[in-house]
Amino acid sequence: MNFSLPPEVTVQSQVLNDGKIYQFHHPTLGLLGRIVLQDNPDGLCHISSEVAGDPNDPMTETRAQIFEPLSQQLCAAVEAALGKGRQTGAGKPNTGISPTAPKERIASQQIPCPKCGEIAALLIFANQAKEIAEMEDCARKTYSIYEELDVVTWIIGATVGTLKGDPIAPILRVWPQRHAIKYGSPKMFDAELNAILPRHCGGRLP
Ligand SMILES: [Zn+2]
Ligand SMILES: [Zn+2]
């Protein structure tokens with residue numbers, strides 16, 4: 001097949017009983033999407049491509065901007081190589097038509113508003129995430145949770161080092177607005193959280 005990927009994009013393939021899955025990863029965006037080749041009983045090979053992520057997630061569009069040109073090229077290359085087959089659903093958001101990863105348990109903590117007691121913040125613990133891409137993968141997988149809960153949400157990654165004796169982890173604020181990833185200690189994070197919690201009821205804490 002005559003096809004070359006941009007240098008920053010990596011691809012992993014997985015063989016299925018009736019086909020093959022190619023997963024595309026980006027160093028800072030994480031999983032971009034996948035292309036699934038399936039042999040069907042009608043003798044044709046079906047090609048489908050799926051951008052990773054919730055269609056409502058604005059990051060899905062960011063991923064699509066990189067993934068779609070690749071997927072179109074690769075689908076064309078595969079079709080040319082096979083001389084048959086059909087492209088279906090190119091670029092559509094992932095609808096889980098083929099084997100998906102088993103559901104992971106992701107730890108999270110809901111923080112109540114100190115004044116009214118309603119849930120005011122959500123912390124999601126990406127306990128394995130050290131790389132930016134892994135943080136983004138977690139943000140993608142948990143999108144529907146924080147969109148639904150609709151409170152200020154942070155994703156907190158694994159400890160990557162220490163600063164003045166305090167453990168430092170990547171922290172990504174994803175809702176209601178996305179912020180850039182930063183690295184901080186639990187102390188620094190608590191200070192940020194405690195500055196934001198009082199906004200829930202609009203006033204200052206006593
Ligand atoms: Zn068919
Ligand atoms: Zn409140």
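All values below were derived from every heavy atom in this structure, side-chain atoms included, with hydrogens, water molecules and symmetry-related copies excluded. In this text, all values refer to a predicted model and were calculated from it rather than measured experimentally. Counting begins at 1 with the first residue of the sequence.
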**Prompt:** Does the pair L149 and Q110 meet the rule for a side chain to side chain contact (heavy atoms under 4.5 Å, CB included), with working shown?
**Reply:** CA-CA 10 Å; L149 201 56; Q110 298 176 345; 3.9 Å; yes
If I take atom [atom1] from residue [X] and atom [atom2] from residue [Y], how far apart are they, to the nearest 0.5 angstrom?
X    : Y    : atom1 : atom2 : result
L32  : T10  : CG    : OG1   : 8.5 Å
L122 : D150 : CG    : CG    : 11.0 Å
I47  : C75  : CD1   : SG    : 5.0 Å
D39  : L16  : CG    : CG    : 10.0 Å
M135 : I155 : CE    : CD1   : 6.0 Å
I35  : S71  : CD1   : OG    : 5.0 Å

Please answer: with hydrophobic residues joined when any side-chain heavy atoms are less than 4.5 Å apart, are [X] and [Y] in the same cluster?
X    : Y    : result
I119 : L193 : no
I106 : F189 : no
W154 : V151 : no
M59  : I145 : no
I132 : L29  : no

Any ion pair linking [Y] and [X] (charged N to carboxylate O, less than 4.0 Å)?
X    : Y    : value
K182 : E192 : yes
E136 : K141 : no
K187 : D190 : no
D57  : R63  : yes

Which heavy-atom pair separates [X] from [Y] by the least distance, and what is that distance?
X    : Y    : answer
I124 : C138 : CG2-SG, 3.9 Å
F24  : R34  : CD1-CA, 4.4 Å
I156 : A169 : CG2-CB, 4.5 Å
P198 : N194 : CD-O, 3.1 Å
M188 : Y183 : CE-O, 4.0 Å
H26  : A133 : O-CB, 3.6 Å

Is there side-chain contact between [X] and [Y], with heavy atoms separated by less than 4.5 Å?
X    : Y    : result
I196 : R173 : yes
H46  : L37  : no
L31  : R140 : yes
L123 : S108 : no
L5   : L70  : yes
H200 : E118 : yes
L197 : C113 : no
S49  : V36  : no

**Item:** Verdict with supporting geometry, V152 and W175, side chain to side chain contact (heavy atoms under 4.5 Å, CB included)
**Value:** CA-CA 5 Å; V152 59; W175 193 267; over 6 Å; no
**Message:** Determine whether Y143 and N56 satisfy the following criterion, side chain to side chain contact (heavy atoms under 4.5 Å, CB included), listing intermediate values before the conclusion.
**Reply:** CA-CA 9 Å; Y143 181 83; N56 290 339; 3.8 Å; yes
**Message:** Main chain of A139, side chain of Y146: is a donor-acceptor contact present, judged purely on distance under 3.5 Å?
**Reply:** yes
**Prompt:** Is the number of heavy atoms from other residues, nucleotides or ligands within 6.0 Å of CD (Q128) greater than 12?
**Reply:** no
**side chain to side chain contact (heavy atoms under 4.5 Å, CB included) between I171 and I181, worked out** = CA-CA 6 Å; I171 297 169; I181 284 189; over 6 Å; no
